[in-house]
Amino acid sequence: MLDARFIKENIDTVKNALKKRGYDFPLSEFLEIDEKRITLLKEVEELRNRRNIVTEEIGRLKKQKVDASAQLDDMKVVSDTIKALDEKLKDLEDETKAFLLTIPNIPHESVPTGKDETENVEIRKWGTPAVFDFEPLNHWDIAETLDIIDFDRASKIAGARFSLMKGAGARLERSLMNFMLDTNTAKGYTEVFPPVLVNRESMTATGQLPKFEADLFKISDPEFYLVPTAEVPVTNIHRDEILKEENLPLYYTAYTPCFRREAGSYGKDTRGLIRQHQFNKVELVKFVKPEDSYNELEKLTADAEDILMRLGLPYRVVSLCTGDIGFSSAKTYDLEVWLPGQNKYREISSCSNFGDFQARRANIRFKREGKKGTEFVHTLNGSSLAIGRTVVAILENYQQKDGSVLIPEVLRTYMGTDRIK
RNA sequence: GGAGAGGUGGCCGAGUAGGUCGAAGGCAGCCGCCUGCUAAGCGGUUGUGGGGGUUAAACCUCACCCAGGGUUCGAAUCCCUGCCUCUCCGCCA
């Protein structure tokens with residue numbers, strides 16, 4: 001969420017930023033409503049002030065047993081007026097709030113301008129895609145041969161876009177979880193294991209709601225949303241809190257399953273593990289001081305990259321352009337891992353700095369020592385990594401001519417073997 | 001699922017026959033004083049958000065005693081709804 005006052009004072013900046021994103025908002029309409037709101041607010045407050053004064057007087061008069069019926073009658077009218085104006089005011093407040101909640105974040109100046117994913121900019125590459133002396137297979141073919149993922153039975157149990165990991169496949173999934181969490185906690189991230197059903201407020205705080213309801217699984221009676229990423233519950237850990245400066249930055253890492261409707265992706269990645277309704281992910285989340293957030297984004301991205309390096313998986317880092325970054329994000333780096341089965345790089349992690357956008361929605365502030373007042377923190381997060389896609393990458397990059405798959409060094413103690421065959 | 005109790009400031013904890021309560025008191029924190037140092041003691045001070053105001057302050061004002069409604073000239077205090085916490089019974093991994 002952007003600050004209403006910031007919008008008012010920087011109308012052109014906001015307009016341009018949103019245009020770069022491909023959004024066109026009736027900002028002047030917003031300003032009009034907001035101005036009405038302020039005018040009405042002043043009016044109501046003045047009436048309240050008067051009521052407070054007279055009401056006090058009535059108290060005094062009554063105590064002295066003096067007749068106060070004139071004041072009483074007066075205030076009855078004033079109170080009715082306040083009530084009426086309050087209703088109007090609430091409408092205007094709701095309107096401005098609803099408006100603010102649907103305006104995306106302003107991209108950072110370093111974000112490349114572009115209309116869609118074709119204009120994202122490659123920042124760096126790591127590793128060299130292996131050269132195979134045979135035709136590399138897709139991960140689902142490898143998995144079928146090794147009997148470690150059962151897609152047919154998964155669709156019997158649940159439906160399309162679900163998977164049943166089995167034997168070494170299930171173990172690989174679990175090994176990756178543990179490897180990632182262990183690596184992250186060794187770097188100072190605090191491990192948390194949060195709820196994966198959350199309330200509406202939490203989804204609104206991180207920006208999934210109100211705009212992207214269609215992407216979410218929801219249950220009713222009682223109402224809960226299934227988290228599409230650990231970002232949601234972990235960022236909400238500190239919702240409505242005032243943090244101490246000395247405690248910043250805060251680093252968290254969390255494993256959670258993630259649930260996504262994948263509405264509108266019919267026909268895309270229908271086979272295999274790439275796009276599932278339920279997948280596992282280890283996430284990194286940071287709460288930092290505003291002046292540190294872009295440096296922290298680089299460090300967070302490096303921490304996510306480190307997982308890929310340790311696994312020996314070739315990847316590249318892409319800076320998403322203004323037309324492709326997410327709604328809440330001010331800047332995003334995607335990590336794309338090399339997939340021999342598809343002969344291309346595919347997203348495996350997304351690392352973002354949200355600036356104060358989520359913090360304002362979630363009301364997460366901090367207090368500087370010796371300064372009065374509070375400021376919003378900056379929030380960041382990134383996957384380290386999406387586990388399903390990491391399984392895909394390992395199967396495809398480490399496949400051998402005989403159909404077996406080598407296990408990356410760092411996973412062998414977790415897997416209890418150096419090869420799946 | 002059934003039966004009860006409760007939600008007040010950073011924390012503890014007063015305050016319910018409605019009025020001068022943003023809220024006693026204590027603790028913690030901050031600033032002074034005192035003291036050889038520390039402790040104790042003494043005095044003062046310390047919430048958040050909005051609107052206005054100022055170069056910036058000061059300052060003025062509105063709101064906030066879980067949340068949302070209601071009654072009333074006036075609500076932390078009364079009524080309703082919701083959320084959360086706790087205790088007992090039942091059920092359950």
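To find a chain, count down the sequence lines: A is the first, B the second, and so on, and within it residues start at 1.
- With rounding to whole Å, A:Ile364 atom CD1 is found 16 Å from B:U48 atom C1'.
- At a cut-off of 3.5 Å, with distance as the only test, a side-chain donor of A:Ser293 or A:Asn353 sits close to an acceptor on the other residue.
- The pair A:Glu35-A:Lys8 does not meet the salt-bridge criterion, since no charged nitrogen lies less than 4.0 angstrom from a carboxylate oxygen.
- The residues A:Glu246 and A:Lys244 are annotated as not salt-bridged, no charged nitrogen and carboxylate oxygen being separated by less than 4.0 angstrom.
- Nucleotides B:G4 and B:C21 place their P atoms 37 Å apart, quoted to the nearest Å.
- Remark: the separation of the C1' atoms in B:C65 and B:U55 is 38 Å, to the nearest Å.
- Whole-Å rounding puts the A:Phe6 CZ to B:G50 P distance at 16 Å.
- Each of A:Tyr251, A:Tyr252, A:Phe287 was scored for a ring-ring contact (aromatic ring centres under 6.0 Å, His included) with A:Tyr189, with one residue passing: A:Tyr251.
- Checking A:Lys76 against A:Arg5, the closest nucleotide of RNA chain B that is more toward the 5' end is the one next to A:Arg5.
- Spacing of C1' atoms, B:U61 relative to B:C42, comes out at 36 Å, to the nearest Å.
- Here A:Ser79 reaches the OP1 or OP2 of B:G74: one of its side-chain N or O atoms lies under 4.0 Å away.
- OP1 or OP2 of B:U48 lies within a sub-4.0 Å distance of a side-chain N or O belonging to A:Lys367.
- Between B:G18 and B:C12, the two C1' atoms lie 27 Å apart (nearest whole Å).
- Put simply, A:Arg51 has no side-chain N or O that comes within less than 4.0 Å of OP1 or OP2 on B:G19.
- Pair check for B:C65 finds none; no Watson-Crick or G-U wobble contact set falls under 3.5 Å.
- Counting only heavy atoms from C-beta on, A:Ile58 has its side chain closest to B:G19 among B:U48, B:G19, B:G51.
- Across the protein-nucleic acid pair, A:Leu85 atom CG and B:C62 atom P stand 16 Å apart, rounded to whole Å.
- Taking atom P on both B:A23 and B:G47, the two are 11 Å apart, rounded to the nearest angstrom.
- Taking side-chain N and O atoms only, A:Asn52 has a distance below 4.0 Å to OP1 or OP2 of B:A63.
- Side-chain polar atoms of A:Asn49 and A:Arg51 form no donor-acceptor pair below 3.5 angstrom.
- When both distances must be under 3.5 Å, the Watson-Crick or G-U wobble mate of B:G41 is B:C33.
- The base-pairing partner of B:U72, taking Watson-Crick or G-U wobble contacts with both distances under 3.5 Å, does not exist among the strands shown.
- Ionic pairing of A:Asp86 and A:Arg48 is present here: one or more N-O contacts between side-chain nitrogen and carboxylate oxygen are shorter than 4.0 angstrom.
- An OP1 or OP2 oxygen of B:G49 is reached within less than 4.0 angstrom by a side-chain nitrogen or oxygen of A:Arg365.
- In this structure, A:Asn49 reaches the B:C62 phosphate: one of its side-chain N or O atoms is under 4.0 Å from OP1 or OP2.
- Rounded to whole Å, the distance from CG on A:Leu47 to C1' on B:C73 is 14 Å.
- In this entry B:G1 has B:C89 as its Watson-Crick or G-U wobble partner, both defining distances falling under 3.5 Å.
- The ring of A:Tyr294 has its center no closer than 6.0 angstrom to the ring center of A:His378.
- For A:Asp34 and B:G51, the CG to C1' distance is 12 Å, given to the nearest whole Å.
- Here A:Arg48 does not reach the OP1 or OP2 of B:G74: none of its side-chain N or O atoms lies under 4.0 Å away.
- Distance noted for atom P between B:U81 and B:U87: 25 Å (whole Å).
- Heavy-atom distances to RNA chain B give each of A:Asp73 and A:Gly59 a nearest nucleotide, and the one nearer the 5′ end belongs to A:Gly59.
- Pair assignment for B:A57: none, as no Watson-Crick or G-U wobble contacts are both less than 3.5 Å.
- In this entry the distance linking CG of A:Asp86 with P of B:G70 reads 10 Å, nearest Å.
- Each of B:G74, B:G69, B:G52 was ranked by its minimum atom distance to the side chain of A:Thr55; first place goes to B:G74.
- The partner of B:A17 is absent, by the rule that a Watson-Crick or G-U pair needs both atom distances under 3.5 Å.
- With hydrogens and angles left out, the side chain of A:Glu45 and the base of B:G50 share a donor-acceptor pair within 3.5 Å.
- To the nearest angstrom, C1' of B:G19 lies 15 Å from CE of A:Met75.
- For the C1' atoms, the distance from B:U16 to B:G53 is 40 Å, rounded to whole Å.
- Within 4.0 Å (heavy atoms only), A:Lys244 reaches no atom of the nucleic acid at all.
- In this structure, A:Lys90 places its NZ atom 18 Å from C1' of B:C62, rounding to the nearest Å.
- Residue A:Lys42 places no side-chain N or O under 4.0 Å from the OP1 or OP2 atom of B:C60.
- The residues A:Glu223 and A:Lys218 are annotated as salt-bridged, a charged nitrogen and a carboxylate oxygen being separated by less than 4.0 angstrom.
- Atom C1' of B:U72 sits at a distance of 16 Å from the matching atom of B:C80, rounded to the whole Å.
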